[in-house]
Protein chains: 2
Amino acid sequence: MAELRPTILLVEDEPEIRRFLRTSLGSEGFRVVESATGRRGSIDAATHKPDVAIVDLGLPDMDGIAVISNIRSWSPMPIIVLSARVLERGKIEAFEAGADDYVTKPFGIGELVARIRVALRHAVRLRNGERVLLLDDASIDLEKRRVLRGGAEIRLTPIEFRLVAVLARHAGRVVTHRQLLREVWGPTHENDTHYLRIYVKQLRDKLESDPANPRHFVTELGVGYRLELAE
Amino acid sequence: MAELRPTILLVEDEPEIRRFLRTSLGSEGFRVVESATGRRGSIDAATHKPDVAIVDLGLPDMDGIAVISNIRSWSPMPIIVLSARVLERGKIEAFEAGADDYVTKPFGIGELVARIRVALRHAVRLRNGERVLLLDDASIDLEKRRVLRGGAEIRLTPIEFRLVAVLARHAGRVVTHRQLLREVWGPTHENDTHYLRIYVKQLRDKLESDPANPRHFVTELGVGYRLELAE
DNA sequence: TCGAACCTTGACGGGATCTTTACGCGACGC
DNA sequence: GCGTCGCGTAAAGATCCCGTCAAGGTTCGA
């Protein structure tokens, strides 16, 4: 019969961390497949088709970024990055390569499990290719290009709409400043992160129930923004 | 007596898919007319005057795009495209040829039925079997090319009529400037957005109860126009 | 041949939208 | 404690887009 537990691929070279995660995640009800190198990780991702991949950035043979790009070239599976570096530009590179989330060592197992659960939820949503996004308070119909909030229609300007559209396409995943700017304003404005602050605020004002404490348009400090949909 | 069930023309070469859709759509209350080739499809569209046409893009004898152009040259009937290609190219071409909606294989029958219903809802069938669009104040008969308002007939010029027809086919969703210009004036006038302003105003003057505050011919700033039908 | 209906073209004003500039705040490192 | 960096906020200026009016120009039928 089919395996019911979600499968997690763990690409990590340090044996102690592997052992630690094997037992912790196992007791949380996950099935764990381990790869000690980037090369094996890329292969195991294809053969085991895990529900989530956890990739350490500090791999010996192959850069973790390469593993991410590799997986992302053929699969939309959620990828969570594990890294010791705190404010490294590796973080941004990881997101641009297609990572979904990022956990810095040392990390609490509770935090990691929570992020895995979030990633699994998103994956389910992605599979039905929903074209109507639900926020707590509002709904966004990408096809009809319409936004409703409490029954009333909200007007979005062209740029505002393009911005939600890009964020929505990567819903639940961080989109870097550069990516957003490139897709909305074009490659010539890749450095005008200022625009983002302005327009994200406008979207919050229009779509968040409490714009001062955004629950959906989440800022990832130093990296970019993430659109979190309703449960 | 007249057939009450909506008629659907299915232009599809693969027998299994035809059989699958014949039974599924039949049990949903539709009458299905089948054409195995593009050539026959173009003919059947004219003879059976279906309420909706479903066209597969991967036809053997004649490209599905050609079938769409063919139908669109003489009828505003809703056309839903069926295609295995994930590629954007075919999609865009289909829309530019005049398709109204797009479903990619493999598709759920539920999704297809929903889209058929949407396409049908745009036109209301009257007692005598005619299909007309209802605005608060006026009614538009696309087949007979007649517009009534408060019992009296309103004259639309050829271009005005083509413009409502295109908007009506996509009722409820935005149609871009480019698309409108291409379908009404032809590809050589894709940039003359000025025409649209003029003719949209004329349509508003003729069909809106308060032309200064249009409720049906809605402008989407920087994007295009949208026709909003009565509830 | 003439006129009416229709389509095209140009000009202008107002408003929505985008861009630019400025400032406050908290986190962080020195 | 101080300066820097990234972010949020606010508001003014510039720009773009749309609606409107009106004057040619063309087509078509009377």
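Predicted model only: the values in this text are computed from it and were never measured.
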Trainee: On the six-membered ring of B:Phe217, is B:Arg226 placed so that its NZ or CZ lies under 6.0 angstrom from the centre and within 45° of the ring axis?
Mentor: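 Ring-cation test returns no.
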
Trainee: Nearest-Å distance, CG (B:Leu196) to C1' (D:dC18)?
Mentor: 11 Å

Trainee: Could you give the CG-to-C1' distance, from B:Leu221 to D:dT15, as a whole number of Å?
Mentor: 13 Å

Trainee: Picking from C:dC7, C:dA11, C:dT19, which would you name as closest to the side chain of B:Ile159?
Mentor: C:dC7

Trainee: Between A:His194 (NE2) and D:dC5 (P), how many Å, whole number?
Mentor: 17 Å

Trainee: At less than 4.0 Å, is any side-chain N or O atom of A:Tyr195 found next to OP1 or OP2 of C:dT21? Yes or no.
Mentor: no

Trainee: What nucleotide among C:dC18, C:dT17, C:dG10 has an atom nearest to a side-chain atom of A:Tyr199?
Mentor: C:dC18

Trainee: Quickly, which of B:Leu167, B:Val164, B:Leu229 forms a side-chain contact (heavy atoms from CB on, under 4.5 Å) with B:Leu133? Name it, please.
Mentor: B:Leu229

Trainee: Please tell me which of the listed nucleotides, C:dC7, D:dG19, D:dA10, lies nearest to the side chain of B:Thr157?
Mentor: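 Closest nucleotide to the B:Thr157 side chain: C:dC7.
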
Trainee: When you get a sec, tell me which of D:dG8, D:dG6, C:dC7 is the closest nucleotide to the side chain of A:Thr219?
Mentor: D:dG8

Trainee: Is the phosphate of D:dC7, meaning OP1 or OP2, less than 4.0 Å from a side-chain N or O of A:Arg197?
Mentor: yes

Trainee: Closer than 4.0 angstrom, basic N to acidic O: yes or no for A:Arg146 and B:Glu220?
Mentor: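 No.
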
Trainee: Taking only side-chain N and O atoms of A:Lys201, does any of them lie within less than 4.0 angstrom of OP1 or OP2 on D:dA10?
Mentor: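 Indeed, a polar side-chain atom of A:Lys201 lies that close.
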
Trainee: Quick check: on DNA chain C, is the nucleotide nearest A:Leu156 upstream (toward 5') of the one nearest B:Asp192, or the reverse? Name the residue that is more 5'.
Mentor: B:Asp192

Trainee: Quick one: is A:Arg155 getting a side-chain N or O under 4.0 Å of the C:dA16 phosphate, OP1 or OP2?
Mentor: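 No.
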
Trainee: So does B:His177 get a side-chain nitrogen or oxygen closer than 4.0 Å to the phosphate oxygens (OP1/OP2) of D:dC17?
Mentor: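 For D:dC17, neither OP1 nor OP2 has a side-chain N or O of B:His177 closer than 4.0 Å.
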
Trainee: Atom CZ of B:Arg204 and atom C1' of D:dC18: how far apart are they, to the nearest Å?
Mentor: 9 Å

Trainee: Nearest whole Å is fine: how far is D:dC7 P from A:Gln202 CD?
Mentor: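 One finds 17 Å between P of D:dC7 and CD of A:Gln202, rounded.
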
Trainee: Touch check for B:Tyr225, heavy atoms < 4.0 angstrom, all strands: base, sugar-phosphate only, or nothing?
Mentor: sugar-phosphate

Trainee: Go through the N and O atoms of the side chain of B:His189 and the base of C:dT8, and report whether any donor-acceptor pair is under 3.5 Å.
Mentor: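 Looking at the base of C:dT8, it does not pair with any donor or acceptor on the side chain of B:His189 (distance under 3.5 Å).
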
Trainee: Atom CG of A:Leu134 and atom CG of A:Asp141: how far apart are they, to the nearest 0.5 Å?
Mentor: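 These two atoms lie 10.5 Å from each other.
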
Trainee: Whole angstrom is fine here: how far is it from CG in A:Leu181 over to C1' in C:dC18?
Mentor: 14 Å

Trainee: Using a cut-off of strictly less than 4.0 Å, decide whether B:Trp185 has a side-chain nitrogen or oxygen near OP1 or OP2 of C:dT8.
Mentor: yes

Trainee: Rounded to the Å, how far apart are B:Asn213 CG and D:dG19 C1'?
Mentor: 13 Å

Trainee: I'd like to know if B:Lys201 pairs up with B:Asp205 as an ion pair, taking the criterion as any Lys NZ or Arg NE/NH1/NH2 lying under 4.0 Å from an Asp or Glu carboxylate oxygen.
Mentor: yes

Trainee: Could you check whether A:Glu28 pairs with A:Arg117 (Lys NZ or Arg NE/NH1/NH2 to Asp/Glu carboxylate O, under 4.0 Å)?
Mentor: yes

Trainee: Check the distance between C:dT19's P and A:Asn191's CG and give it to me in whole angstrom.
Mentor: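 For the pair A:Asn191 CG and C:dT19 P, the rounded distance is 15 Å.
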
Trainee: Give one of base, sugar-phosphate or nothing for A:Ile198, where a contact means two heavy atoms less than 4.0 Å apart.
Mentor: base

